[in-house]
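Letters A, B, ... are given to chains in the order of the sequence lines, protein chains preceding strands, and every chain is numbered from 1.
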Amino acid sequence: MLDIQVLRSDLDGVAARLATRGFVLDTVRFGELEAARKSIQMRTQELQSKRNSSSKLIGQAKSRGEDTTTIMAEVALVGEELKQVEVQLIELQSELQAMLEGLPNMPHDSVPVGKSETDNIEVRRVGSIPQFGFAVKDHVELGENLGGLDFETAAKISGARFSVLKGGVARLHRALAQFMLDTHTDQHGYTEVYVPYLVNADSMRGTGQLPKFEEDLFRVPRQMGEEGEQNFYLIPTAEVPVTNMVRDEIVPLEQLPLKYVAHTPCFRSEAGSAGRDTRGLIRQHQFEKVELVQMVQPENSYAALELLLGHAETILQKLGLHYRVVRLCTGDIGFSSATTYDIEVWLPAQNTYREISSCSNFEAFQARRLQARFRNAAGKPELLHTLNGSGLAVGRTLVAILENNQLSDGSIAIPEILQPYMGGMKVLSAG
RNA sequence: GGAGAGGUGGCAGAGUGGUCGAAUGUACCUGACUCGAAAUCAGGCGUAGGUAUAUGCCUACCGUGGGUUCGAAUCCCACCCUCUCCGCCA
């Protein structure tokens with residue numbers, strides 16, 4: 001959520017910034033709502049003030065045993081108008097709030113201006129494209145030949161976009177997650193957290209998935225009380241529960257930065273992506289991810305983003321995978337993000353780079369919704385900056401290992417760093 | 001699932017219809033005393049919003065939502081959460 005104070009003081013400036021990401025801010029509508037809000041709010045507070053002082057007088061008069069009929073008649077009139085005006089104020093404020101919640105974050109000045117992913121800027125390539133002396137197979141063929149990947153059974157159990165992993169492939173998947181967690185906790189200073197996979201609507205609102213992107217989520221209806229219904233939502237990323245840990249908190253300065261890592265399943269409805277990436281593990285309703293989340297002081301957030309990006313890159317480097325880092329342009333960054341780097345891993349069977357991590361600085365956008373603050377050096381509460389990044393998407397890392405480490409006979413060379421997690425296994429082969 | 005207790009400021013903890021944004025203690029900040037510290041004394045110390053010459057004035061907030069009332073932390077209703085005991089359970 002953007003700061004309404006900034007909209008009030010520099011509406012055109014905000015509109016111009018949002019325009020770079022293809023968002024049209026209705027400045028006229030906002031101006032009207034604000035003007036109405038201002039006059040109604042002032043009137044409301046004036047009436048409340050009158051009611052409060054009159055009620056006080058009634059109390060005093062009654063305690064002296066005096067007659068209060070005149071003043072009570074007066075305050076009754078105030079009460080009537082107040083009731084009407086309060087209703088109007090609530091309507092106006094919820095309309096303003098809805099408008100505000102619908103506004104995406106403002107891109108940082110450094111973000112390249114562009115319309116779509118074709119305008120993204122490649123920052124660097126690390127490693128080199130592996131060469132094969134044979135025709136490469138894709139991860140589906142490799143996994144199935146190894147007896148470790150079964151989409152048909154998954155379709156029977158659940159449906160499309162699910163998978164069953166077996167044997168060595170399942171273990172490799174687990175090994176990857178363990179390796180990532182260990183690296184981030186032991187070498188990068190993150191605290192491991194285990195968090196709920198079902199969260200409430202407030203949490204989804206806090207990180208920006210609601211109200212705009214409900215169709216991307218799996219909703220779990222839940223009966224509350226007599227007829228009340230309240231939803232749980234399956235998390236689409238650990239960002240949601242982990243970032244919400246600081247919701248409505250004021251963190252002492254000396255505890256910053258907060259650095260958390262969580263390994264969770266992620267659930268996405270993939271509404272609107274029908275027909276895309278239907279083959280293989282690339283786009284699933286359920287997948288595993290190791291997520292890095294940081295809460296930092298505003299002045300440190302861009303330095304923290306570079307570090308966090310480096311933490312994610314470390315995983316790829318240790319696994320010996322070739323990748324590139326891409327700076328997303330204004331037209332391609334996510335709703336809540338001020339700046340995003342994507343890390344794309346090389347997939348030889350597709351002869352292209354595919355996203356395996358996305359690292360973003362949200363500045364105070366999430367923190368404002370969350371009321372996530374810290375006590376600054378002056379002792380005053382101030383909004384935190386929140387950041388997160390995949391470190392990494394486990395399923396896609398598995399895909400990358402299978403494809404990049406395949407041998408001519410269809411077996412898979414296990415990266416040295418993973419071998420301890422695989423009971424010393426060096427090559428994964430069928431049977 | 002059954003029975004009970006409770007949710008108030010950073011923490012503890014009063015407050016059951018009127019001057020209560022809230023006693024008191026504690027923590028913290030400032031000052032006095034002191035060579036310095038401790039102790040003691042005095043003062044200060046919540047969050048958000050509105051207005052704007054304002055160190056000013058006003059509004060809201062006592063788990064959440066609704067209701068009663070001129071007036072609600074206090075009364076009524078619903079819900080959420082926490083704790084204790086019993087039962088069941090991975």
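For A:Arg51, a side-chain nitrogen or oxygen approaches OP1 or OP2 of B:A60 to under 4.0 Å. Residue A:Lys38 has a polar side-chain atom (N or O) positioned under 4.0 Å from OP1 or OP2 of B:U51. Contact between the side-chain N/O atoms of A:Arg373 and the OP1/OP2 oxygens of B:A48 is found at a separation under 4.0 Å. For the OP1/OP2 pair of B:U59 and a distance below 4.0 Å, the side-chain nitrogens and oxygens of A:Ser49 include at least one atom meeting the criterion. Considering only side-chain N and O atoms, A:Asn52 lies nowhere under 4.0 angstrom from the phosphate OP1 or OP2 of B:G71. A:Gln5 has a side-chain polar atom (N or O) that falls below the 4.0 Å cut-off from OP1 or OP2 of B:G50.
The base-pairing partner of B:C62, taking Watson-Crick or G-U wobble contacts with both distances under 3.5 Å, does not exist among the strands shown. Checking B:U40 for Watson-Crick or G-U wobble geometry (two distances, each under 3.5 Å) identifies B:A32 as its partner. With a 3.5 Å ceiling on both atom-pair distances, B:G21 lacks any Watson-Crick or G-U wobble partner.
One can place CZ of A:Arg43 at 14 Å from C1' of B:U59, the figure rounded to the nearest angstrom. The CZ-P distance, from A:Arg37 to B:U59, rounds to 17 Å in whole Å.
Scanning atom types as modelled, no donor and acceptor separated by under 3.5 angstrom connect the side chain of A:Gln41 and the base of B:G49.
Side-chain N/O atoms of A:Tyr302 and A:Thr339 include a donor and acceptor closer than 3.5 Å.
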Discussion item. Please evaluate residues A:Arg327 and A:Ser110 with respect to the criterion side chain to side chain donor-acceptor pair (under 3.5 Å), reporting the C-alpha separation (whole Å), side-chain torsions for both, the decisive distance (0.1 Å), and the verdict.
Written reply: CA-CA 10 Å; A:Arg327 187 86 198 258; A:Ser110 65; 2.7 Å; yes
Worksheet item: When you look at A:His285 and A:Phe218, which way does the ring-ring contact (aromatic ring centres under 6.0 Å, His included) test go after all the steps?
Response: CA-CA 9 Å; A:His285 285 311; A:Phe218 285 108; 5.5 Å; yes
Worksheet item: ring-ring contact (aromatic ring centres under 6.0 Å, His included) between A:Phe335 and A:Phe213: does it pass, once the steps are laid out?
Response: CA-CA 10 Å; A:Phe335 179 78; A:Phe213 305 103; 5.3 Å; yes
